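Computed from heavy atoms alone, side chains included, the values below leave out hydrogens, waters and symmetry copies. Just so we're clear, the structure is a prediction, and the values are computed from it rather than from any experiment. Remember, it's 1-based here, ligands and their atoms both numbered in the order they're listed. One is the number of the first residue; the rest follow in order along the sequence.
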Amino acid sequence: MGNVLIKSDADLVEMRKACKLAARTLVEAAKMIAPGITTDDINRFVHDYTVKHNAKPAPLGYRGYPKSVCTSINEVICHGIPSDRVLQDGDIINVDVTSILNGWHGDVSATFFVGDVSDDARRLVEVTRECLRLGIEQVKPKVRLGDIGAVIQHHAESNGYSVVQDFVGHGIGRNFHEAPQVLHFGKAGRGQRLAKGMTFTIEPMINQGDYRSIILDDDWTAVTIDGKLSAQFEHTVAVTDDGVEILTAFDEPLLNSEVFK
Ligand code: MF3
Ligand code: CO
Ligand code: CO
């Protein structure tokens, strides 16, 4: 995957703009989520909002991906393709937005409740959000990538859930996906050390049942092998002098979701 590209302060000024736009797009898209809308409605909104702000939706045409956002419902782990599917009361849906602004990428996602959701689904989503928060809390210079994976895996498994291994977080910048790979499982004290100026995503996908995934015939949609639920949250972060900056932090609360500081 090549070497980790360290971003300068000037690079970070640009990346912050792309990440803020992605976060704002997700906050606005979240407001439309309700029983009766389709995932194509979300796609249309994300596409138009992105273009209106002089940006490009990174998913569109990426390795042949056909739409401008990923919408992953219930047992879909990630890369769900928007369609005429109607959201139903009780669904959970992850919306994953990636914007390209002035050549820089921002990548962010959250899982939302559609109407009234079962307690089991609610608990999965809450624990998954905590997994992302715990992962982010590890980030500072000299910490190792394995320290991030270990806390996420421990929190998921101690709540009776499993961690998806087939999809991982990633370095991000001028490229959608670059080095390093950020595993959401692993051993503390292992892996590459973090350094100021690294920018990457943390995006744990946590399953109710088996951790394994299969890809549907559309070559994109990843689902759990047992049909049980999967949830995901994602932020793009930068390593600072002494900690972390969440580049895709929200400046207003997500509906059905706590604010991430
Ligand atoms: N946004 C996803 C990620 O977090 C990648 C989606 S690739 C696409 O890395 F082509 F499906 F958009
Ligand atoms: Co990502
Ligand atoms: Co993403």
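By the 30° and 60° cut-offs, the orientation of the rings of Tyr62 relative to His177 is tilted.
Given atom 5 (C) of ligand 1, the protein heavy atom at minimum distance is Phe176 CZ, 3.6 Å. Counting protein heavy atoms only, atom 7 (S) of ligand 1 is closest to Tyr62 CD2, 3.9 Å. The nearest heavy-atom contact from the protein to atom 2 (C) of ligand 1 is Asp96 OD2, 3.4 Å.
Remark: the backbone N or O of Thr39 is not paired with any side-chain donor or acceptor of Asn43 at under 3.5 angstrom. In this structure a side-chain-to-backbone donor-acceptor pair under 3.5 Å is missing from Glu75 to Asp226. In this structure, Thr201 contributes its side chain and Gly169 its backbone to no donor-acceptor pair below 3.5 Å. In this structure a side-chain-to-backbone donor-acceptor pair under 3.5 Å is present from Asp89 to Asp116. Panel note: side chain Asp11, backbone Ser8; a donor-acceptor pair is recorded below 3.5 Å.
At least one heavy atom of His177 sits under 4.0 Å from some atom of ligand 1. Distances shorter than 4.0 angstrom occur between a heavy atom of Trp220 and an atom of ligand 1. In this structure, Asp107 has a heavy atom closer than 4.0 Å to ligand 1.
With salt bridges taken as basic N to acidic carboxylate O contacts below 4.0 Å, one links Lys7 and Glu178. A salt bridge links Glu137 with Arg133; the closest basic N to acidic carboxylate O contact falls under 4.0 Å.
Scanning all heavy atoms of the two residues, the minimum distance from Ser213 to Asp166 falls at OG-OD2, 2.6 Å. For Ala29 against Val46, the heavy-atom pair with the smallest separation is CB-CG2, 4.2 Å.
Shown in contact with Glu203 at under 4.0 Å from a heavy atom are these atoms of ligand 1, numbered in order with element: 3 (C), 4 (O), 9 (O). Residue-ligand proximity, His79 to ligand 1, at heavy-atom distances under 4.0 Å covers atoms 5 (C), 6 (C), 11 (F). Counting the atoms of ligand 1 from 1 in the order shown, those under 4.0 Å from a heavy atom of Glu234 are 4 (O). Residue Pro59 approaches ligand 1 through these ligand atoms, each under 4.0 Å from one of its heavy atoms: 12 (F). Remark: ligand 1 atoms within the under-4.0 Å shell around heavy atoms of Thr98 are 1 (N).
The nearest N/O/S atom of Glu203 to the Co ion (ligand 2) is OE2. The name of the N, O or S atom in Glu234 nearest to the Co ion (ligand 2) is OE2. Within Asp107, the N, O or S atom lying nearest to the Co ion (ligand 2) carries the name OD2. Summary: NE2 is the N/O/S atom of His170 found nearest to the Co ion (ligand 2).
Counting heavy atoms closer than 4.0 Å to ligand 1, residue Ser109 contributes nothing at all. Contacts with ligand 1 closer than 4.0 Å are made by no heavy atom of Arg63, backbone or side chain.
Residue contacts to the Co ion (ligand 2): His177 brings no N, O or S atom closer than 2.8 Å.
With respect to Glu126, the salt bridge (Lys or Arg N to Asp or Glu O under 4.0 Å) criterion is satisfied by exactly one of Arg122, Arg123, Arg129: Arg129.
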